[in-house]
Number of protein chains: 2
Amino acid sequence: MPPAPGKFRWRIPATPAKLAEMSLRFAILGLLTAGELSGYEITRRFEQSVGYFWHARAQQIYPELARLESEGLVAGRAVQQTGRPDKRVYTVTARGLAELADWVVTPSPLTLTKDEFLVKVWSYGLVEPERAIEALTAHRRQQEERLAAYRAIEAAFEGADPVTVPPAFLGPYLTLRAGIQFIEAFLAWAVEAERILRARTESPPAP
Amino acid sequence: MPPAPGKFRWRIPATPAKLAEMSLRFAILGLLTAGELSGYEITRRFEQSVGYFWHARAQQIYPELARLESEGLVAGRAVQQTGRPDKRVYTVTARGLAELADWVVTPSPLTLTKDEFLVKVWSYGLVEPERAIEALTAHRRQQEERLAAYRAIEAAFEGADPVTVPPAFLGPYLTLRAGIQFIEAFLAWAVEAERILRARTESPPAP
DNA sequence: TAGACCATGTAAAGAGTTACATGATTGT
DNA sequence: ACAATCATGTAACTCTTTACATGGTCTA
């Protein structure tokens, strides 16, 4: 029996908890709108192109696909293969597509970044500028590699005018551009930061 | 008793698991290098300035502070107050500072962003451009507000030359600049994206 | 012959969120 | 009268990662 009202009120958890988030389901649905994919192929996508704004490991993807299928948002189909293991590929159902379209225009919470590298930068004052520069350079190199990979994908869009491409290419193009512009912003920042750190090795500040 | 060897080998978890990550501990340690803070004050910091690159809720912070204290990386001290609840404030110990300084120059994994908004953009092709523009504009507004807040913090640094500021200000300055440059990159992208979407409302693509 | 790729999972643990609890003070 | 701020937590749950498991094919 619930305690008598007075001190506080009951707050009934109206919906099955987690109306917000659930981005993984929709990220998977989004990938599947381009055509049928297996769990393994989805895993690869998260490691590559899509990885810029969402990612998940195989261990998360397989159970989520099973859940999506049991809810009727995707439909699976077994595919026999020779020379490699059989697989199960999935397509979005009409209901899945409808739910995705609804979710897409829903307001998003402010992206709360978690950037381990910047947590480190916050404490760069604790170490010799030279050592900070080393760490910064290593990180910059990684980002440059990633930029090169995205540029290669961008080249595949070459010539296509984003204003007239078919709807299916619009989102991929826009997110790719976002990824590229973020990395470029990071690189510009890194150059500035390195300049400051280098100047501090020459004229160390008053302690 | 472990199964007999042969089929596979044991892999002994050498270290207490989680050598990487653990950013929360170090984010807290980093905040405390600027002076003693209570759990509540740390919570506020994560909501404001530092929130750009790391965040945590009170429920995560209090237990972590207790753990850090039991490991001797921070030292707590009770503070009596009048007109408001008493509190417990923490300072970094010499050992805490040493571990932080070590961690800071450690290589960081590539920041794997999780951006719910971009997951939505990926599927913008599913909705009318007008509705996509609405969603985009709402998100842009939020980012503009955040930029204004960061600009206000930046103003506090005004006049100070990052090359000669004391070490304690270096990291906060650099991370703030990073935050500002990322938001500016987002806004530039948003302008471009809106232009494309608007053009698509006028000359809809072939389906 | 060693490693990478294809393909799909289970089990356990760690990280993070939501909801709830308490209670004084200050502002509207 | 109501909300916000200060201050610190517990309990339950979800989300995510790490480690492990299996086994064929293809490449260096």
Side-chain angles (χ1 to χ4, degrees), chain A residues 2-3 6-28 37-44 46-48 54-67 69 76 78-90 109 112 114 116, chain B residues 2-3 5-28 37-48 54-67 69 76 78-90 109 112 114 116:
Chain A
K7 279 266 176 175
F8 60 91
R9 276 162 198 292
W10 284 108
R11 205 160 304 177
I12 298 135
T15 43
K18 279 279 124 195
L19 220 166
E21 275 298 330
M22 322 199 67
S23 304
L24 177 58
R25 331 167 58 74
F26 292 111
I28 291 174
L37 293 171
S38 67
Y40 186 82
E41 288 159 337
I42 292 172
T43 308
R44 289 286 88 81
F46 277 125
E47 281 170 8
Q48 296 151 14
W54 205 267
H55 62 99
R57 312 270 158 158
Q59 298 93 322
Q60 239 191 314
I61 291 163
Y62 289 106
E64 189 65 47
L65 278 170
R67 232 168 325 198
E69 188 168 21
V79 174
Q80 250 88 58
Q81 297 191 113
T82 51
R84 50 176 62 181
D86 296 345
K87 61 180 177 180
R88 187 170 182 80
V89 293
Y90 297 88
L112 288 177
K114 291 208 165 178
E116 191 182 313
Chain B
K7 279 266 177 176
F8 58 91
R9 278 163 196 292
W10 284 108
R11 204 160 306 177
I12 296 135
T15 43
K18 279 282 122 196
L19 220 167
E21 274 299 329
M22 321 196 68
S23 304
L24 177 58
R25 332 167 58 74
F26 292 111
I28 291 176
L37 294 171
S38 68
Y40 187 82
E41 289 159 336
I42 293 172
T43 308
R44 289 287 88 81
R45 294 289 196 291
F46 277 125
E47 281 170 8
Q48 295 151 15
W54 205 266
H55 62 99
R57 312 272 156 151
Q59 297 93 321
Q60 239 192 314
I61 291 164
Y62 288 107
E64 189 66 46
L65 279 170
R67 231 165 323 185
E69 188 169 20
V79 173
Q80 250 87 56
Q81 298 191 114
T82 51
R84 51 176 62 181
D86 296 344
K87 63 180 177 180
R88 185 171 184 80
V89 294
Y90 297 87
L112 288 177
K114 290 207 165 178
E116 191 181 313

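What's counted below: heavy atoms across the whole structure, side chains too, no hydrogens, waters or symmetry copies.
- Partners of B:Glu69 by side chain to side chain contact (heavy atoms under 4.5 Å, CB included), not counting sequence neighbours, listed by chain and number: B:Val74, B:Arg88, B:Tyr90.
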Every protein N/O lying under 3.5 Å from an N/O of nucleotides 7-10 of chain D:
from	atom 1	to	atom 2	distance (Å)
D:dA7	OP1	B:Gln81	OE1	3.2
D:dA7	OP1	B:Gln81	NE2	2.3
D:dT8	OP1	B:Arg88	N	2.9
D:dT8	OP2	B:Tyr40	N	3.0
D:dT8	OP2	B:Tyr62	OH	2.9

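- Put simply, CE on B:Met22 is 16 Å from P on D:dT17, counting in whole angstrom units.
- For A:Glu64, the side-chain hydrogen bond (donor to acceptor under 3.5 Å, both in side chains) partners at least two apart in sequence or on another chain are A:Arg25, A:Arg67.
- When the P atom of C:dC6 is taken as reference, atom CD1 of A:Ile42 falls 15 Å away, rounded to whole Å.
- At its two ends the helix from C:dT1-D:dA28 to C:dT28-D:dA1 runs along axes set 40° apart, each axis drawn from five pairs and the angle rounded to 10°.
- Rounded to whole angstrom, the span from the CZ atom of B:Arg25 across to the P atom of C:dG14 amounts to 12 Å.
- Atoms CD1 and CD1, from B:Ile28 and B:Ile61 in turn, are 6.0 Å apart once rounded to the nearest 0.5 Å.
- Within the structure, a side-chain polar atom (N or O) of B:Lys114 is placed less than 4.0 Å from OP1 or OP2 of D:dT16.
- Contacts of A:Ser38 classified as side-chain hydrogen bond (donor to acceptor under 3.5 Å, both in side chains), with partners at least two apart in sequence or in another chain: A:Glu41.
- Put simply, CG on A:Leu37 is 11 Å from P on C:dA7, counting in whole angstrom units.
- A distance of 6.5 Å separates CD in A:Glu116 from CH2 in B:Trp54, rounded to the nearest 0.5 Å.
- The nearest whole Å value for the distance from the CD atom in A:Gln80 to the P atom in D:dG24 is 17 Å.
- Rounded to an integer number of Å, the gap from CZ of B:Phe26 to P of C:dA15 is 12 Å.
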Requested in this report: Kindly determine whether A:Tyr62 and A:Ile42 satisfy side-chain contact (heavy atoms from CB on, under 4.5 Å), including the steps that lead there.
Outcome: CA-CA 10 Å; A:Tyr62 289 106; A:Ile42 292 172; over 6 Å; no
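- Remark: B:Gln48 pairs with B:Arg44 by the side chain to side chain contact (heavy atoms under 4.5 Å, CB included) rule, at least two apart or across chains.
- Distance, A:Gln60 CD to C:dA7 P: 21 Å, rounded to whole Å.
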Report task. List the steps, then state whether side-chain contact (heavy atoms from CB on, under 4.5 Å) holds for A:Leu112 with B:Phe46. Result -> CA-CA 10 Å; A:Leu112 288 177; B:Phe46 277 125; over 6 Å; no
Query raised in the report: A:Thr43 and A:Arg57: side-chain contact (heavy atoms from CB on, under 4.5 Å), yes or no, with the steps?
Result: CA-CA 6 Å; A:Thr43 308; A:Arg57 312 270 158 158; over 6 Å; no
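- The CD atom of A:Glu69 sits 12 Å away from the P atom of C:dT8 (whole-angstrom rounding).
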